[in-house]
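FYI, side chains are in, hydrogens and waters are out, and symmetry mates aren't considered; it's all heavy atoms of this structure. Numbering of ligands and ligand atoms starts at 1, following listing order.
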Amino acid sequence: MSEALAENLDISKDSEMKEDFLQDVLKGLSAAEKRLSSRFFYDTYGSKLFEKITQVSTYYPTRTEIDILETYAEDMAALIGPGATLIEFGSGSSRKTPILLHALESLQAYVPIDIAGDYLQESASSLAADFKNLNVIPVHGDFTSPIELPKKVPLENRVGFFPGSTIGNFDRAGAEQFLRNAGQTLGSNALMLIGIDLQKDISTLLHAYDDPEGVTAAFNKNILKRINKELGGTFDLSKFAHESRYNMSEGRVEMHLVSTEAQSVKVQGQVFHFEKDENIHTENSYKYTLKGFKALAEKACWSVEKVWLDECQLFSMHAIRFKG
Ligand code: AVJ
């Protein structure tokens, strides 16, 4: 990686994020219904595990979204026009981002924003190597809060890119807030391409989050591994079982870690007790109808300009424009 790229990665953010992680863990494990925040899945190992999930047969979102991108990239590029600055919420996924980058004409800059510093660094330099003339400006930060972009990021024709249905991790209020923040970051009239996973039969949904190879289980348990490694936790990973559930009334898939026996666990000297079968809720993955997402976008001051779907209507790419 060049020094120019490395310069943009703020090392001091690391201790801030560790404190954030600790507070979230202590609060979540003290709650009557224990929970941990899914944004802490993604350290370098967690990001690698997620890449593995995208390749398991039952996890349909990634390959379907790639299919949509490959089929309609020219269409998307035509809507965006030349000279755009592409701002990705999350670091460039090795397979999706290049599809769009190839289709876009005279791109001004590519700005990936990610909380996992080393992963961001890795993917930014690999993209910079593949796209020799591309101005890559990585930003190390948490895009669940409003983000101030470096001054060198051009103001004109900013286009957000938020693939993967990552917005599904937020509850409805959180998703609305994310869209408002993104609008603020990108500016009035900006476009955003956002991948949205759609409602479908429950069996397909549950299998996508509980694959036969156990990659999703390892991904889920990685949050405990991180607590052990980074916060001095004493979790025994073999005493927690991975579970995916469909919450009908909320329209979301949930991941849980279920304690297989009564046990106590320590984190930074604090003791947390688990009953047998007590669970930690670790992730929500909301699924939308087209109508439901349109209503959400409009509430957050965005309007839906175009929607691209795969043949089976499993997944969607929405082009939305900020009216705020
Ligand atoms: C990266 C949030 C889109 O919810 O489908 C995959 C994460 N969790 N398998 C999703 C995930 C379990 C994924 N997102």
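- Taking the side-chain hydrogen bond (donor to acceptor under 3.5 Å, both in side chains) definition, one finds that Lys239 meets it with nothing, sequence neighbours left out.
- In terms of the ring-ring contact (aromatic ring centres under 6.0 Å, His included) criterion, residue partners of Phe322 (sequence neighbours excluded) are, by chain and number, Trp302.
- The CD1 atom of Ile68 sits 11.5 Å away from the CG atom of Leu193 when rounded to the nearest 0.5 Å.
- In this structure a side-chain-to-backbone donor-acceptor pair under 3.5 Å is present from Arg63 to Ser57.
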For a distance cut-off of 3.5 Å, show me each N or O of ligand 1 paired with any protein N or O, plus the separation.
unit_1: ligand 1; atom_1: 4 (O); unit_2: Tyr209; atom_2: OH; d: 3.4
unit_1: ligand 1; atom_1: 4 (O); unit_2: Ser285; atom_2: OG; d: 2.6
unit_1: ligand 1; atom_1: 5 (O); unit_2: Tyr59; atom_2: OH; d: 2.5
unit_1: ligand 1; atom_1: 5 (O); unit_2: Tyr209; atom_2: OH; d: 2.5
unit_1: ligand 1; atom_1: 8 (N); unit_2: Glu283; atom_2: OE1; d: 2.6
unit_1: ligand 1; atom_1: 8 (N); unit_2: Glu283; atom_2: OE2; d: 3.4

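- Partners of Asp20 under the salt bridge (Lys or Arg N to Asp or Glu O under 4.0 Å) rule, at least two apart in sequence or in another chain, are Arg39.
- Environment of OH in Tyr246: crowded, with over 12 heavy atoms of neighbouring residues, nucleotides or ligands closer than 6.0 Å.
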